Amino acid sequence: MPIRIVADSACDLPQALVEQYGIAVVPLFINFPDHGYLDGVEMTREEFYERLPTSNPLPPRPRRIPICFVRPMAG
């Protein structure tokens, strides 16, 4: 059985490392007051940090949804 590394997008691994080792990165949901985004898919880190100072309230800590990790682990 092959071994896979699966991480959530909060790990902020460099893209080169993700590609080199075939790491599956599962995006977290970032919920701003006006809209929710998939981290790294619908919103970049730069966009997140640009919006953060003016967000009221601040986005809550992202939740990890277990089912989102099933597909990457299955290969």
Side-chain angles (χ1 to χ4, degrees):
M1 178 163 72
I3 295 174
R4 303 245 4 225
I5 299 172
V6 179
D8 64 45
S9 59
C11 69
D12 289 334
L13 290 172
Q15 188 60 34
L17 193 65
V18 170
E19 292 171 7
Q20 179 181 356
Y21 293 103
I23 299 170
V25 179
V26 177
L28 295 177
F29 293 96
I30 300 172
N31 293 305
F32 278 94
D34 63 330
H35 190 69
Y37 302 89
L38 284 174
D39 182 29
V41 176
E42 300 171 329
M43 176 177 272
T44 66
R45 285 185 197 107
E46 292 80 13
E47 291 168 331
F48 173 78
Y49 286 113
E50 282 177 17
R51 289 197 60 180
L52 202 55
T54 59
S55 179
N56 188 12
L58 292 173
R61 193 175 117 224
R63 284 190 257 163
R64 288 156 180 86
I65 301 172
I67 194 69
C68 294
F69 287 84
V70 172
R71 180 174 283 155
M73 285 192 257

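All values reported here derive from a predicted model rather than from experimental measurement. For reference, positions follow the sequence shown, starting with 1.
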Can you give each donor-acceptor pair under 3.5 Å made by side-chain atoms of residues 32-40, sequence neighbours left out, with the distance rounded to 0.1 Å?
| residue | atom | partner | partner atom | Å |
| --- | --- | --- | --- | --- |
| Asp34 | OD1 | Arg51 | NH2 | 2.7 |
| Asp34 | OD2 | Arg51 | NH2 | 3.4 |
| Tyr37 | OH | Arg51 | NH1 | 2.8 |
| Asp39 | OD2 | Ser9 | OG | 2.6 |

Rounded to the nearest 0.5 Å, what separation is found between the OH atom of Tyr49 and the OG1 atom of Thr44? 11.0 Å
Sorted by chain and number, sequence neighbours left out, side-chain hydrogen bond (donor to acceptor under 3.5 Å, both in side chains) with Asn56 holds for none
Please list every donor-acceptor pair under 3.5 Å in which a side-chain atom of residues 15-27 meets a protein atom from a residue at least two apart or in another chain.
| residue | atom | partner | partner atom | Å |
| --- | --- | --- | --- | --- |
| Gln15 | NE2 | Glu19 | OE2 | 3.2 |

Using every non-hydrogen atom in the two residues, find where Glu47 and Met43 come nearest and quote the distance to one decimal. OE1-CA, 3.2 Å
